[in-house]
Structures are given as structure tokens and as C-alpha cells.
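Below: the structure, in C-alpha cells.
Computed from heavy atoms alone, side chains included, the values below leave out hydrogens, waters and symmetry copies.
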Amino acid sequence: MARLDLGNINPHIVEAKYAVRGELAVKSEEYRARLRKGDKSLPFSEVISANIGNPQQLDQKPITFFRQVLSLLENPKLLEHEDVLLNTLGYKKDVLERAKWLLDHCGSVGAYSASAGVPAIKESIAKFLEKRDGFPADPARIYLSAGASSGVNTLLHTICASPTTGILVPIPQYPLYTASLSVLNSTCVPYYLDESAHWGTSLAAIKESYNKAKNDGIDVRAIVIINPGNPTGASLSEDDVRSVLQFAAEEKLVVMADEVYQTNVFIGKFHSFRQVLLKLQKEHPGKYDQVELASLHSVSKGMVGECGHRGGYFELLGFKPEVEEQIYKFVSITLCAPVIGQCLVDLMVNPPQPGDPSYELYSQEYGNIYNNLKTRAYALYEAFKEMEGVECGEPQGSMYLFPTIHVPPKAAEAAKQEGRTPDEFYAMRLLEATGVCVVPGSGFGQAEGTLHFRTTFLAPGTEWVGAVKKFHKEFFDKYR
């Protein structure tokens, strides 16, 4: 008889929920496997994984410069045949130069690096941050990670000390945060984004949630900001960022700025928390010097879209040296981030520049990916506008739309009979009818009495959008 069962394993693992890869995602993979085996009984011919921001699964092409450099890092012997690379395979001189530079500083990408990352790559990130924000960065405060998720895991493990440790988390949110807090047996303190204001961050809502948690005996230590938002796509204005930092300074809150979608902005402008904090420190000497800020970025999103390579970093500002020592120790336990992912971070923060041999193609590919994402976002938005009972704000950024859905009462009753929420019921019927997998809004959190679902707009073509519209009409006709 097996030693382990649900009754004796870690109960916090059992309690954690991660809807992005939950029941619907599992069922979609079952359908995908059936289709690969030639099953013709399903009412669709392909599965569209609109449940997760996984760009290259949904036909986003890798950037040529990045992959050419990586190919040389993985197989350095190719560099012994420069003439073939340059004259036959279409590699440019700067590709070879970057690969040699990375190999000089990393050695083999199959070897461990320093725990916090390859020093030369940390220096590249510091230069990127200075160029982006106008303020110098210290490479010693930068930690390479296996995607931003690994950085979040490191930070939450460090911050969360007991069940009464509270972390302010936006609702709706990427369920990494609530799931991680469940595993750590700490307290999620939700604050609701304002859907009527394009999912804006409301300082009043943050204060209300903070004060309630404090009154309930929760030690609220940090606030999470996802900017641009996931699943909402909203970008914070500079005034909003300032307000959050002012509140953090007043209440001594650590700020975790999840900024992985910083290049996915269609409306407005991305304002980094780092830049605004350093401005505030300059404008008000002493007032903001003690604010602890952890900023996270990743190669998984944006026009890079290299999720599977697991590359990212976080930078710390304002943390005590004794706390950073413990963060370094935690990072060291997992030895280091994947070195090939670290190299991709270097390519992301220091891509080809005007005048470089690879720049023209890089710029063309980057621009095409951005424009395609925006075109697809607006095509899906226009489709939602035509669908009965669906309300959707104009696409602002990230890779998602998060429409409100009003289902007929009979559908809500049918959902109840299945033991599902109405948005889960809708999403399951959508998957079964069309092969399109979305995530119910309940997986991200939503205001009581509202229903949503999150869908990416990464998938190419319009056929799947038409299938969603057709399903939606039939669903409403059946349950109205």
C-alpha cells in the first residue's frame, strides 16, 4: 500500500489552486493527445491554448538573433566554421561576436554559474536599467532567476514568516501569488482593482484592505503590483505608481513590482517602479530612502516570448544587507538559474543596436511581433463587443483580455448542478465545443457577483475567434 495519500501530504500543497494549469488545461491536453492520434470524433480539429501566455506554442516565432547566438552557445564547435556560418547559414558577424563574448564570461552553458548569476550578465542588466530609468544600477543588487516566477518564490519565502504574515495582492491577479501564499501558509490580503476605471489601481481600495487586515491581527509586510496587469493588461500611470510608493513608505511595506509585460503596452506608457522611486528619493531626500523595492522581469513575455528557456531577474533596492544575505542563501540552495536562460536575459537587455549587422532583421521581427499582437488583441476585442452579455474594455497591454460575462439564469443553475461556478461552466462548455481553452475569472479572483474569463490573444488566424462567437450564441440560445 502506498505511503502517501491526500490525507498525509503537505496540506498547503493540497489547498493551493492554480487555475491557469487546472482542470480545463488538463482536459485540453487530453483533447490534444486524441487529435494527434487521429481521433475524428471531436467537434474541432485543433486545441487553442488561450489559457496561458505561452507565445511560441501559439506560433510566435523566435527572434533570429537570439536563437542564432544560443545555437553557438549550445554547440561552440560551430564557431570553428565561421565561413559556413557567415556565407552559407546567414549568421551575421555580431552574432558570432556576442556568442564568443558570452562563452568567455560564462564558460560552458552546461556548467553552473555563480549563484546570483553570471557577473557579466548582471552588469548588462545594470546598464539596461540605467538606460531605461536614467539612474545607475548596482550589479550586486541583481539576481538572475529561472523566470520571474522563481524570483517571486524567493522573495515570498523570505518575507513570509508565519500564518499571520500578510501580502497585499491585486484582484484579479496572476494566481502564482495566491498559490504561493497558500503553500507558505501565509495570508493573502486582496485589494480589488477598479474595473470601471479600466482596471486601475485604487489607493483607497488598498488602504481599506490594509486597515481591515491590520485590525484582524495580520502583519501586512508587502504589496504586490503587476504592471502592466495580468490578467487585465492595465498599465499604471506615474501618479498611480507614486501613490503606491508613498503608501509603502508610510506603512513600511516591501513593494514587489512584477513588470514582466513592460514591453506589451498598447495604451499609455510603462512606468517602472524603480524609476519613480529613485525620482522620489531625489525630490524628497530621506523620505523614501527606506522603501524596499523588488522589481522583476523575464524573457518569457514581450516580443521575446522564450518561456521554455526560463530566464529572468530581480533587482533589490533598499533591503538591509543582512536580509540580502539570506536572499542570496536561498538562491544558492537551488545553485543557479539555467545558464542558457541567463544568456537570453543578456540578449533581451542588450539586443542589436542601430548600425549592427543584425539590427535591421531584429527590428523588423520585433516590430512585426508587436503589431501582430496588437492586431489580434483588437480583433478579439471587436468580437467580444458583438457577443450578447459580454463586456470588454479596450486592450491596454500584456497578452490577455479579461471580459465580463453575464450568463443566463438557466446556465447558472446548470453550473450549480455540476458543482461549478458559472464562469467555470461556460469555459468547460467552450472547450468541449471548440477546443479553445480559456481560464475562468474565478481562477484570478473577481468582485463578488461578477463573472469573467481570461483569454490570450496570442493565437494566429481568425477561425478560432469565429468558433468562439458561434459557441457563445448557441450557449445563450440554449440557456436563455
Working to the nearest 0.5 angstrom, can you tell me the gap between [X] [atom1] and [Y] [atom2]?
X    : Y    : atom1 : atom2 : result
N215 : Y210 : CG    : OH    : 10.0 Å
F247 : L253 : CZ    : CG    : 5.5 Å
L245 : F273 : CG    : CZ    : 5.5 Å
L193 : I171 : CG    : CD1   : 8.0 Å
L144 : Y313 : CG    : OH    : 10.0 Å
E130 : L278 : CD    : CG    : 11.0 Å

Using a strict threshold of under 4.0 Å (side-chain N to carboxylate O), is an ion pair present between [Y] and [X]?
X    : Y    : result
R221 : D219 : yes
K212 : E208 : no
E325 : K320 : no
R274 : E315 : yes
E251 : K207 : no
D138 : R141 : yes

Under a 3.5 Å cutoff, is there a donor and acceptor pairing between the side chains of [X] and [Y]?
X    : Y    : value
Y378 : E394 : yes
H12  : S182 : no
S300 : E306 : no
S398 : N230 : no
E391 : H406 : yes
N264 : Y370 : no
T404 : E195 : yes
Y143 : E324 : yes
D423 : T421 : yes
Y426 : Y479 : no

Taking the cut-offs as 6.0 angstrom to the six-membered ring centre and 45 degrees off its axis, would you call R454 and Y400 a cation-pi pair?
yes
Return yes if some donor-acceptor pair links the side-chain N/O of [X] with the main-chain N/O of [Y] below 3.5 Å, else return no.
X    : Y    : result
Q262 : E259 : yes
S180 : Y177 : no
S237 : D240 : yes
K122 : I142 : yes
E238 : V276 : no
E292 : V254 : no
S186 : S162 : yes
S150 : G147 : no
S209 : V189 : no

Are [X] and [Y] packed together at the side-chain level, in the sense that at least one heavy-atom pair is separated by less than 4.5 angstrom?
X    : Y    : answer
R32  : S49  : yes
V265 : I267 : no
L277 : V291 : yes
E23  : R420 : yes
L181 : T187 : no
I225 : D258 : no
P170 : I226 : yes
P190 : V169 : no

Pair W464, L380 - check side-chain contact (heavy atoms from CB on, under 4.5 Å), show working.
CA-CA 10 Å; W464 71 280; L380 194 54; 4.0 Å; yes
Can you list the steps and then say if F135 with L129 is a side-chain contact (heavy atoms from CB on, under 4.5 Å)?
CA-CA 7 Å; F135 294 92; L129 292 172; over 6 Å; no
Distance-minimising heavy-atom pair for [X] and [Y]:
X    : Y    : value
L24  : L431 : O-CD2, 3.5 Å
G151 : F314 : CA-CD2, 3.7 Å
A234 : N227 : O-OD1, 4.1 Å
P422 : A415 : CA-CB, 3.8 Å
Q60  : M303 : NE2-O, 3.4 Å

Can you say whether the rings of F475 and F425 are parallel (under 30°), tilted (30 to 60°) or perpendicular (over 60°)?
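Rings of F475 and F425: tilted, as their planes differ by 30° to 60°.
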Non-neighbouring partners of T456 that pass side chain to side chain donor-acceptor pair (under 3.5 Å), sequence neighbours left out:
none
More than 12 non-hydrogen atoms from neighbouring residues, nucleotides or ligands closer than 6.0 Å to CD on E29, yes or no?
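Yes, CD of E29 has more than 12 neighbouring heavy atoms, counting only those of other groups under 6.0 Å.
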Could you check whether atom NZ of K287 has more than 12 heavy atoms from other residues, nucleotides or ligands sitting under 6.0 Å from it?
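Result for NZ/K287: enclosed.
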Would you sort out whether E382 and K385 count as a salt bridge (Lys or Arg N to Asp or Glu O under 4.0 Å), showing the intermediate values?
CA-CA 5 Å; E382 291 298 331; K385 283 167 63 176; 3.4 Å; yes
What verdict does the side-chain contact (heavy atoms from CB on, under 4.5 Å) test give for H297 and V345, after you've listed the backbone C-alpha separation in whole Å, the side-chain angles of each residue and the deciding distance to 0.1 Å?
CA-CA 9 Å; H297 195 16; V345 171; over 6 Å; no
Go through the steps for Y31 and F44 under the test ring pair (Phe, Tyr, Trp, His ring centres under 6.0 Å), then give the verdict.
CA-CA 10 Å; Y31 286 152; F44 46 84; 5.4 Å; yes
For the salt bridge (Lys or Arg N to Asp or Glu O under 4.0 Å) test, which of E418, E424, E474 pairs with R429?
E418
What residue among M387, H472, E388 forms side-chain contact (heavy atoms from CB on, under 4.5 Å) with I405?
H472
Before you tell me yes or no, could you show the steps for F266 and Y381 under ring pair (Phe, Tyr, Trp, His ring centres under 6.0 Å), namely the whole-Å CA-CA distance, both residues' side-chain angles and the distance that decides it to 0.1 Å?
CA-CA 13 Å; F266 303 145; Y381 165 64; over 10 Å; no
Go through the steps for R310 and S149 under the test side-chain contact (heavy atoms from CB on, under 4.5 Å), then give the verdict.
CA-CA 9 Å; R310 309 310 300 137; S149 300; 4.1 Å; yes
